[in-house]
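Structure, as structure tokens:
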There are 2 protein chains.
Amino acid sequence: MHPSRRVTIIDVARHAGVSTTAVSKVMRNAYGASPEMQVKVRAAIEELGYRPSAAARGLRGQTYTIGVMLPEMRNPFFADILDGVTEHLDGTDYQVLMAACCNDEAGEVRITEAMIDRSMDGVILIAPISSRRHLQKVARAVPTVVVGRHGHSPDYDTVTDDDFAGAGLVVDHLVTLGHQRIAHIEHAERNPVRLKEMPNAQRADGYRHAMQAHGLGDHIDIVSTTYTQQGGYLGAQQLLARPQRPTAIFAGADIVAMGVLDALTEAGLSAPQDISVAGYDDTMFAAFGPISLTTVDQAGHQMGVNAVRLLLDRVAIRGRPTAQIKLFPTLVTRRTTAPIVSP
Amino acid sequence: MHPSRRVTIIDVARHAGVSTTAVSKVMRNAYGASPEMQVKVRAAIEELGYRPSAAARGLRGQTYTIGVMLPEMRNPFFADILDGVTEHLDGTDYQVLMAACCNDEAGEVRITEAMIDRSMDGVILIAPISSRRHLQKVARAVPTVVVGRHGHSPDYDTVTDDDFAGAGLVVDHLVTLGHQRIAHIEHAERNPVRLKEMPNAQRADGYRHAMQAHGLGDHIDIVSTTYTQQGGYLGAQQLLARPQRPTAIFAGADIVAMGVLDALTEAGLSAPQDISVAGYDDTMFAAFGPISLTTVDQAGHQMGVNAVRLLLDRVAIRGRPTAQIKLFPTLVTRRTTAPIVSP
DNA sequence: ATGAAAGCGCTAACAC
DNA sequence: GTGTTAGCGCTTTCAT
């Protein structure tokens, strides 16, 4: 026997004694195949172990492939989104394929183009940092849903979490505990468009707004670094060097909070005894006993589910007006925040 | 203007005043295109913004796509492997697309078949749990490299880390610190084939062997649960209930160690004061200050690099004999292990 | 409801 | 070195 040539639609048609058109129709549950036809064809498919070639399908119709672009793989929050996506696609003919990029614009362009080249039926872009121009271009080539980036476009749908409100939840919580000198570590952003659209910017805004609302405008204290462990470490060092150091630090992301904790330890301090610390994202490790970080849960799973829903919708009706879905976050209180001792 | 039909190879050929063959050859850097031809064609490609359709290419030649299957997304160790993979592919025409499955056999079958259907040029399977029969089947359909699973096959290459030796490193370390009652929490496995091939089984074997080698055969104490946080928690509870409880616990994976720490805290104990704890994998969170877990570094990055190398090799020369690459792990000593106090 | 036939965009085999 | 042509395996008109 030969190195097993793949079974094609022709083999199935011949085996079932029907036309390839018929097989194609059955495969796609398309209109125009009698029940008997269905039975015959399905039997042949089963017997021969036929699986359609996605490449060949893609040349005429769909590829039944959804692409998901992630900024990185190490933030478990993205895994939550993906769970929502794949779960909702379970049982359908669609397959999700992901690509993680390197958090840089060139990488995002490469990946999105690769997805378009591969005739994917739709793409979900998670927290993209590309220019709006590029996002538009992608969206015009393939049905697109952008997750975790605010702002709206006539070409793609968006699913976001209310980062502004989320930051407010943290500030409210800390104020309730008696804190006033609450500092924030943000991810530096200068690009004006992204300044409005990126979650990190919204969190900083939300922090500012909530501080004002509590009459703590004078205590607003923001350090700009990056959403990395290193960024948290450096940010906290700056804050600890203040003449009047803060009693609470709200890190813009859980991973940032890890760096903050490192800096505290190094300075001989600890949370929450000396300083309360809160993060954002409710990543897996936030729940670990020795860490037990107070943080904000973004409902990643729900974001994923909503993203696919919008996407499949758009695959079906290309031209429909775009939608923006905004979900609401919840505060997860753990052991790194506590009532202030000496106000 | 129309909803922009994609630019095809015909458009480019016409624009450059050459044949489609010529364009195709230039695209693939294939033999038989003069320098002037190259220039002309490249100019036309540039001007028209042409990008070849992967679907169409796949129907005849390659798709320039490498598929990577991951058992899950939340273990950062897999991200290390992927970094190695993508980094090594940087600058080539290949694109990596991943799919995470649900740690179950049916999911793995679905994903591998999806990759085959999509005419991927090669696949890298990370820590697959499927039957050998299925792996063989996949490998016969598409060039395959299996990562993180021992055993060898005439059809696929393997890249593994020496889990047996890694477990030995941990035991040696703990013995050096004066520990004798060193317990191990393993991932339960009954399937006889996987019992030999899966890393978890090798770690348990390595533990057993090392204990014997140190004359501590009588102290061998293995609890079978699962490689999850919950598994670690339950396993530790069992161990703490022993009449003579262990002075050190070697968890088969970092995530298991997290569960162990939870159980210790709950019992009013802590590491390393009361019990030393070691993990395996050196995942990102093992390095976090409040955790600071002693663990084993598997050099995931190197595994990734080696996997692609083997894969591209096999894509070029399909029939070549298979290779097995085994890397050596290193111990990462942190603060959850310490010299024994009262032996 | 069914099937014949014309492509989809590319590559490979073959002429020139 | 270059161009012509025949498919790759499907889906989609369009007859019947």
Side-chain angles (χ1 to χ4, degrees), chain A residues 2-41 44-45 48-65 93 116-121 141-142 315, chain B residues 2-41 44-45 48-65 93 116-121 141-142 315:
Chain A
H2 261 224
S4 59
R5 193 182 51 83
R6 232 186 121 95
V7 177
T8 75
I9 199 173
I10 300 184
D11 301 321
V12 177
R14 193 150 26 212
H15 192 90
V18 299
S19 71
T20 59
T21 309
V23 179
S24 176
K25 280 181 174 168
V26 172
M27 287 298 305
R28 292 172 293 119
N29 299 308
Y31 174 82
S34 63
E36 313 93 78
M37 172 72 86
Q38 305 243 10
V39 173
K40 255 196 306 189
V41 171
I45 288 175
L48 298 177
Y50 167 69
R51 298 193 53 98
S53 148
R57 289 181 121 176
L59 226 43
R60 287 308 235 122
Q62 301 182 219
T63 53
Y64 299 93
T65 309
D93 285 338
I116 295 170
D117 295 345
R118 283 160 186 73
S119 322
M120 294 198 172
D121 294 341
V142 53
V315 169
Chain B
H2 262 224
S4 59
R5 194 182 51 84
R6 233 187 121 96
V7 177
T8 75
I9 200 171
I10 299 184
D11 301 322
V12 177
R14 190 143 36 204
H15 191 92
V18 299
S19 72
T20 59
T21 309
V23 179
S24 175
K25 280 181 175 167
V26 171
M27 288 298 305
R28 292 172 293 120
N29 299 307
Y31 174 82
S34 64
E36 313 94 77
M37 172 72 86
Q38 306 243 10
V39 172
K40 257 196 304 189
V41 172
I45 289 175
L48 274 54
Y50 167 69
R51 299 192 52 98
S53 147
R57 288 181 124 178
L59 227 42
R60 284 315 231 116
Q62 302 182 217
T63 52
Y64 299 93
T65 308
D93 286 338
I116 296 171
D117 295 344
R118 283 159 186 74
S119 322
M120 294 199 171
D121 294 341
V142 53
V315 169

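Quick note: numbers below take in every heavy atom, side chains included, and nothing from hydrogens, waters or symmetry partners. Since this is a predicted model, take the numbers as computed values, not measurements.
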Return yes if some donor-acceptor pair links the side-chain N/O of Arg6(B) with the main-chain N/O of Arg51(B) below 3.5 Å, else return no.
-> yes
Between Thr63(A) (side chain) and Gly58(A) (backbone), is there a donor-acceptor pair under 3.5 Å?
-> no
What is the minimum heavy-atom distance between [X] and [Y], and which atoms define it?
X         : Y        : result
Asp121(A) : Tyr64(A) : OD2-N, 2.6 Å
Leu59(A)  : Leu59(B) : CD2-CD2, 3.2 Å
Met27(B)  : Pro52(B) : CE-CG, 3.4 Å
Ala44(A)  : His15(A) : CB-CD2, 3.8 Å
Gln62(A)  : Arg57(A) : O-CB, 3.3 Å

Nearest-angstrom distance from the residue atom [atom1] of [X] to [atom2] of [N]:
X         : N       : atom1 : atom2 : value
Asp11(B)  : dG9(C)  : CG    : P     : 9 Å
Tyr50(A)  : dT11(D) : OH    : C1'   : 11 Å
Glu36(A)  : dA1(C)  : CD    : P     : 10 Å
Arg57(A)  : dC8(D)  : CZ    : C1'   : 16 Å
Ile10(A)  : dG3(C)  : CD1   : P     : 14 Å
Arg6(A)   : dC10(D) : CZ    : C1'   : 12 Å
Asp117(A) : dG9(C)  : CG    : C1'   : 13 Å
Ile9(A)   : dC8(D)  : CD1   : P     : 14 Å

Angle, rounded to 10°, between the helical axes spanning five pairs at each terminus of the helix from dA1(C)-dT16(D) to dC16(C)-dG1(D)?
-> 40°
Output yes when at least one side-chain N/O atom of Arg60(B) is less than 4.0 Å from OP1 or OP2 of dA12(C), else no.
-> no
N or O in side chain of Ser19(A) less than 4.0 angstrom from dG3(C) OP1/OP2 = yes
What does Ser53(A) touch in the nucleic acid at a heavy-atom separation under 4.0 angstrom: a base, only the sugar-phosphate, or nothing?
-> sugar-phosphate
Does a sphere of radius 6.0 Å around CZ in Arg14(A) hold more than 12 heavy atoms from other residues, nucleotides or ligands, not counting ones at 6.0 Å or beyond?
-> no
Establish whether the base of dA12(C) is bridged to the side chain of Thr21(B) by a donor-acceptor pair shorter than 3.5 Å.
-> yes
To the side chain of Met37(A), which of dT4(D), dG3(C), dC10(D) is closest?
-> dG3(C)
For Ala22(B) and Ala56(B), take the nucleotide of DNA chain D holding the closest heavy atom to each; which residue's nucleotide lies nearer the 5' end?
-> Ala22(B)
Arg118(B) and Thr65(B), any side-chain heavy atoms less than 4.5 Å apart = no
Does any residue of residues 24-35 of chain B have a heavy atom under 4.0 Å from DNA chain D, and if so, which ones, in number order?
-> Lys25(B), Tyr31(B), Gly32(B), Ala33(B), Ser34(B)
